[in-house]
Every structure is written in C-alpha cells, then in structure tokens.
**Student:** 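My questions all concern the structure below.
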Amino acid sequence: MNRFVLADCTSVDAALSQLHDGAVVKAGGVDLLDRMKDGIEEPPKLVNIRNIAELRGIHETDHGLTIGPLATLAEISEHPAIRSQYQILSDACGHAATPHIRNMATVGGNLLQRIQCWYYRSADFQCLRKGKDFCFAFGGLNQYHAIMDYGSCPAVAPSSAAVALLGLNSSVELTSAKRGKRTVGIRELYVVPDANPTKFTVIEPDELLTAIVVPRPTPGTRSAYQKYGEKESFDWAIADAGVVLEMDGNVCRRAVITMGAASPVVRRSAQAEAALAGQPITEETARAAGRASVEGALPLSMNAYKVDLFPVAVYRTILLAAGQRDRDPSAAG
Amino acid sequence: MAKRNQHDPTSGEENPQTQSAADSARNGITRRGFLKGAGLTAAGTALLDGVHAFSSETAGNRKGVTELGPGPVPVRLHVNGAEHVVQIEPRTTLAEALRIHLGMTGTKIICDRGVCSGCTVWLDKMPVNSCMTLAVDAVGHQVTTIEGIAGEGELHPLQAAFVRHDAMQCGFCTPGMVMSCAALLERNASPSEQDVRQAVSGNLCRCGTYPKVFAATLDVAGSTRNA
C-alpha cells in the first residue's frame with residue numbers, strides 16, 4: 001500500500017473542501033484498502049469521512065427512509081423497521097461479505113465498491129477498465145462474469161445493496177461544494193462500461209454521496225433478496241435476485257425483479273416482472289418468472305451454468321418474498 | 001542436543017534458523033525484536049489521542065480537517081484497557097500497529113484482505129478485521145485483542161473450552177476464532193449452534209476444526225446457562 005496523506009474530516013463541508021488533486025474518499029475503507037493493497041490504486045490523499053456524524057444514522061421519514069452513507073451493513077440488517085418493511089434491504093445487507101466486514105463496511109462504500117473481476121483487481125493486467133484497450137476476460141477465465149448486457153466488459157455488478165435498493169426504487173443524494181446537491185436513481189448511479197470504461201459511477205471527483213433515500217413501499221408489499229455463491233458461508237454472488245411484490249391478496253399487482261451478478265450494472269428484468277404482473281404467486285408463475293429472467297442471455301465460454309442458476313435464484317426468492325418458502329439453506333451468507 | 005547438532009550438516013553456522021537462535025543467545029537480538037525496533041522511528045507532530053482531537057485545535061487542523069502523514073505521526077491507542085502511544089504512518093493497519101509496534105503478535109495477519117478473519121479484534125466489543133482497519137481509525141475506541149480477553153493468570157472460559165475440546169489443529173486461525181466466538185458470547189450468553197456458525201462464518205479454518213469450535217463455544221454457553 002502506498003504512503004498517503006490522511007485528511008480526517010468532521011463535516012461534509014470540510015470533506016468537500018478536500019476533494020481535489022486526486023484525493024479519494026475513505027469511509028469504512030474496506031474496498032479502497034483492498035484496491036490499494038493490490039496495487040491498482042495509489043491515491044496521494046485519502047479524505048476520511050468516517051468521523052462525520054451527519055453522515056451516520058438510519059432515519060424514518062414521512063416518505064420512507066433516509067439512510068446515512070456511513071450506516072454499516074450490520075446496522076442496516078439489524079434495524080427493526082428495515083427488517084419488517086424493507087426485508088429485501090435487510091436480506092441483502094445481512095448476507096453481504098462476512099459478519100466482521102458487515103461491522104466495518106458502510107452502505108455507501110458497498111454501493112461504490114469497484115468490480116471484482118480478477119483481471120481488474122490484478123496489477124499485472126492493464127485492462128479496459130484501467131484505461132487500456134483490452135479485456136482479458138472474454139478469452140480468459142470468465143466463470144464469474146456476466147451473461148447479459150455486457151458490451152465491452154463482462155465484469156459483474158458487485159454490490160448486493162444496489163440490487164435491493166434498485167428493487168425499492170431508491171436514489172442517492174450527491175453533494176458538491178460548487179454545484180450543490182443532486183439526486184440520482186440507483187440505476188443511473190452506475191456507468192456502463194461501453195459509455196465510459198474507466199468511470200464506474202456518475203459521481204464526479206469533487207462529489208460526495210451524502211444520503212440514500214428509500215421510498216416507503218405501498219401497504220401489502222413483500223420483498224426478499226437471496227444470493228448464491230460457490231460456498232455457503234460467505235461469497236461473492238454468482239447469481240442473486242431481489243424481489244419486490246406489491247400484493248393484492250395472493251395476486252401480484254406489480255413486481256420488481258432485480259439482478260446483480262448477471263451484468264456489469266445492476267438490472268431490472270422487465271420480462272420476469274411481466275411474468276408475475278396480475279398473476280397469483282404460485283410455484284408455476286414463480287418458475288415462469290425465473291425462466292423469463294434469463295431471456296436473451298449470452299453466456300461466455302465458462303459461465304453457461306449461470307443461465308441455469310439465475311432462474312433458480314429468482315424463482316426461490318419470489319416464493320421467499322411471498323412467504324411460501326423459507327430462506328434457502330444453500331444460499332450464501 | 002547441542003552435541004548432536006555439531007555433527008548435523010544442517011545445523012550450526014550453515015542453518016539460518018540456528019544461526020539466528022545462536023545470535024539471539026549471544027547478544028539478545030531476535031528477529032521479532034529487530035523488527036519491533038525498526039518500527040520505532042523519530043517523533044512527529046501533535047499526538048492524535050481521541051476522536052475529539054480531530055475537531056480540536058491540533059496542529060494541521062483547519063475548518064474540521066486534520067491532515068496526517070504521509071510520515072509517522074504519534075497516535076494514542078487504547079488496547080486491552082491500557083493506553084499506548086505509537087509512532088505510525090496513516091497507512092498502518094490496526095493489525096500492523098498491534099503486531100509490529102506493540103508486539104502483540106497474538107493477532108494473526110493471514111490473508112491481509114478481510115477474507116479469513118484471522119486478524120479479528122474487537123473495536124468497542126464489535127468483532128472487526130484489524131487488517132482492513134487503519135490504526136488511526138481505532139483512535140478513541142477500545143481495542144480488545146486475544147491478549148486481552150483472559151483474566152490475570154487464567155484463561156478466558158472460551159480459551160479453556162477450546163483446550164478441553166481440542167478445537168484447533170495448526171492453530172493459526174485460533175485467535176480469530178476465539179475472538180469471534182467470545183464476541184458472540186458477550187452479546188448472547190446462550191447462543192444456538194446456528195448463532196455460532198453465523199459468528200464464525202467469516203473465519204476460515206483450512207484444517208477443518210469447525211465442529212470442535214462449535215462444541216467449545218456451546219459448552220461455555222451451556223455452563224453460563226447452568227450457572
């Protein structure tokens with residue numbers, strides 16, 4: 001890890017004043033230190049926002065939740081209101097990484113963590129996402145990579161929280177000293193590699209993620225998130241699913257189905273959602289939605305298994321959300 | 001022993017390990033001692049000694065910003081109930097500060113990426129990976145390491161249970177396992193096996209001692225319940 005200046009800040013204004021000349025934001029530091037230890041980033045200055053009290057806390061408002069970006073994954077997963085009304089979010093945060101990491105990692109950092117592609121994470125490979133012109137994954141080892149929407153880079157979206165927050169139609173508040181605040185939806189937060197391979201999010205170097213806003217689900221909404229990995233204790237997702245069902249009795253008025261490990265940016269599956277809209281939630285309709293979730297998939301040389309795994313993740317998570325099935329013991333985390 | 005070594009071609013001056021053992025016997029230098037000494041360099045500026053120091057008028061403080069480093073700065077850490085001042089660069093992890101600067105080598109650095117939890121310590125009783133925590137981020141918090149959970153001259157009940165149940169093989173993951181399970185017992189005196197599994201779900205043991213770790217932890221929980 002390179003040497004750096006640590007600018008420890010106690011207010012948002014103080015932090016914003018430091019965001020120039022290559023300074024990067026550090027909150028929990030889990031993903032940033034990981035990248036620095038791997039030698040793929042060498043920032044001259046870290047702006048430590050960890051001690052900024054105004055960025056902490058989970059607040060219930062008239063319209064839903066406002067979550068401080070420094071809320072840890074553990075705090076979110078254990079929050080009573082989130083556990084009862086936003087289960088998809090407590091599921092996603094409560095099964096990310098390990099219990100130890102969940103005590104340290106912030107939800108803001110989870111949203112903004114970089115891709116886990118092993119070529120990107122290795123200092124020995126200068127790839128497209130590091131400003132070069134070649135992707136090693138297409139012709140190399142790609143068993144954990146994308147099966148949909150990948151364009152020029154098939155590294156998958158790494159954030160479990162994003163899968164949940166997209167399902168809940170959430171947005172983030174971005175603040176800059178010069179331009180003030182703006183609000184960006186979760187999907188719009190991420191930049192697809194074809195648009196700009198080295199810009200992972202729309203956040204500018206002088207901007208700070210200052211809040212996450214989650215609208216309150218309509219009454220009768222049920223939701224869940226599950227992910228599958230190579231091992232059950234903890235793992236990155238090889239397939240995952242977020243499910244939000246607006247129910248009218250046993251009939252699903254409207255469904256939102258989200259997926260993370262299928263594509264470079266977290267996605268909603270319009271096909272899976274259409275398979276459930278206006279239907280009762282049953283074994284059959286859930287399976288149909290699962291199959292629909294991988295329509296148009298184009299697996300790479302080593303990841304065709306994901307085309308079989310995603311429908312299972314989607315189908316089982318729909319039944320979990322609907323209360324027709326327990327959490328899958330073979331799901332990860 | 002000494003006589004046999006004289007006739008052993010791998011011993012004596014040609015064996016680096018024996019060499020260093022011989023050196024230390026001669027002049028008191030050990031590898032660990034040498035590394036510790038190398039960590040103690042010149043003094044820096046203002047002492048960083050509490051979360052509130054960040055917002056007070058310490059040197060370099062300007063409108064809620066305190067700049068530290070990149071060189072060594074004095075930092076006050078609270079470890080196992082005692083105060084320590086260490087001279088560290090901001091990039092020093094808590095695990096490195098504990099092992100290299102404070103000589104508390106019970107905390108293990110194995111993966112150094114937050115994947116194996118061998119470096120588990122408590123920050124205000126919460127188990128965290130000290131390898132992915134900057135030491136300066138521990139300022140103002142109570143750090144507890146494996147050296148700090150036992151009472152004077154006796155093992156922590158969980159350590160005793162690990163011995164009783166033979167809950168270790170190579171032992172490298174053991175400090176992290178004990179810290180994870182002891183943290184669980186701090187917040188839940190009678191956990192289920194599922195709770196124990198969950199608590200160590202981030203602790204990698206490649207010898208496969210998990211069943212005995214579960215048994216040892218549940219044993220302590222049982223005795224607490226019966227007490």
Side-chain angles (χ1 to χ4, degrees), chain A residues 1-18 23 26-38 42-54 72 74-75 78 94-95 97-105 121 231-236 329 332-333, chain B residues 48 51-56 58 60-73 89-93 96 111-117 119-134 136-137 139-140 176 179-180 183-184 194 197-204 210:
Chain A
M1 184 158 44
N2 63 291
R3 299 170 93 216
F4 54 82
V5 170
L6 186 80
D8 197 88
C9 299
T10 51
S11 72
V12 168
D13 287 344
L16 292 175
S17 77
Q18 298 295 305
K26 184 194 82 67
V30 177
D31 191 50
L32 178 62
L33 295 188
D34 204 17
R35 301 193 313 260
M36 291 170 66
K37 286 181 178 189
D38 285 345
E42 297 185 334
K45 182 190 267 193
L46 265 53
V47 178
N48 196 16
I49 63 168
R50 188 179 166 118
N51 299 307
I52 301 180
E54 59 194 294
T72 64
E75 286 166 356
E78 290 160 11
H95 293 88
T98 69
H100 307 66
I101 294 286
R102 293 196 292 271
N103 285 337
M104 309 156 65
R121 292 274 167 171
K231 62 184 193 298
E232 291 168 10
S233 58
F234 68 91
D235 212 342
W236 296 101
Chain B
L48 194 62
V51 276
H52 301 298
F54 287 137
S55 55
S56 68
T58 56
N61 187 297
R62 181 168 57 86
K63 290 182 186 168
V65 183
T66 307
E67 286 206 354
L68 306 170
V73 289
E89 295 179 344
R91 65 173 167 171
T92 308
T93 65
E96 291 165 342
C111 74
D112 202 26
R113 293 293 188 282
V115 174
C116 73
S117 297
C119 66
T120 300
V121 301
W122 300 349
L123 215 51
D124 300 331
K125 298 231 165 170
M126 197 154 61
V128 299
N129 298 135
S130 60
C131 76
M132 299 304 281
T133 303
L134 293 181
V136 294
D137 279 334
V139 169
M179 294 308 286
S180 296
L184 170 67
Q194 193 53 41
R197 285 173 177 268
Q198 165 75 16
V200 299
S201 64
N203 292 82
L204 293 186
Y210 292 100

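All chains are named by letter (A, B, ...) in the order of the sequence lines, taking the proteins before the strands, and each is independently numbered beginning at 1. Reckoned from all heavy atoms, side chains included, excluding hydrogens, waters and symmetry mates.
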**Student:** State, to 0.1 Å, how close B:Gly64 and A:Ala14 come at their nearest heavy-atom pair, and which atoms those are.
**Tutor:** O-CB, 3.6 Å
**Student:** Given a strict heavy-atom distance threshold of 4.5 Å, which part of B:Val200 is in contact with chain A: side chain, backbone, both, or neither?
**Tutor:** neither
**Student:** How about A:Ser17 and B:Val65: do any of their side-chain heavy atoms sit closer than 4.5 Å?
**Tutor:** yes
**Student:** Which is it for B:Leu204 and A:Phe234 under the side chain to side chain contact (heavy atoms under 4.5 Å, CB included) test, yes or no, and what are the steps along the way?
**Tutor:** CA-CA 10 Å; B:Leu204 293 186; A:Phe234 68 91; 3.9 Å; yes
**Student:** With side chain to side chain contact (heavy atoms under 4.5 Å, CB included) as the test, would you mind laying out the steps for A:Leu33 and B:Leu134 before giving the verdict?
**Tutor:** CA-CA 9 Å; A:Leu33 295 188; B:Leu134 293 181; 4.0 Å; yes
**Student:** Return the CG to SG distance between A:Asp34 and B:Cys131, rounded to the nearest 0.5 Å.
**Tutor:** 9.0 Å
**Student:** Counting only non-hydrogen atoms closer than 4.5 Å, does B:Thr93 touch chain A with its backbone (N, CA, C, O), its side chain (CB onward), both, or neither?
**Tutor:** side chain
**Student:** When rounded to the nearest 0.5 angstrom, what distance separates OG1 in A:Thr72 from CE in B:Met126?
**Tutor:** 6.5 Å
**Student:** Do B:Arg113 and A:Asp38 come close enough that some side-chain heavy atom pair is under 4.5 Å?
**Tutor:** yes
**Student:** Kindly compute the distance separating NZ (A:Lys37) from CZ (B:Arg91), expressed to the nearest 0.5 Å.
**Tutor:** 12.0 Å
**Student:** If you round to the nearest 0.5 Å, how far is CG of A:Leu6 from CG of B:Asp137?
**Tutor:** 7.0 Å
**Student:** For B:Ala199 and A:Pro99, which heavy atoms make the closest approach, and how far apart are they?
**Tutor:** O-CG, 4.3 Å
**Student:** Flag the one option from A:Glu232, A:Arg50, A:Met36 with the top tally of heavy-atom pairs under 4.5 Å to chain B.
**Tutor:** A:Arg50
**Student:** Working to the nearest 0.5 Å, report the span between OG1 of A:Thr98 and CG of B:Asn129.
**Tutor:** 5.5 Å
**Student:** Got a second to check how far B:Ser130's OG is from A:His100's NE2, nearest 0.5 Å?
**Tutor:** 10.0 Å
**Student:** Under 4.0 Å between a side-chain nitrogen and a carboxylate oxygen: does that hold for B:Lys63 and A:Asp13?
**Tutor:** no
**Student:** Which of the residues B:Gly69, B:Pro127, B:Ser180, B:Ala183 is involved in the greatest number of heavy-atom pairs with chain A at under 4.5 angstrom?
**Tutor:** B:Pro127
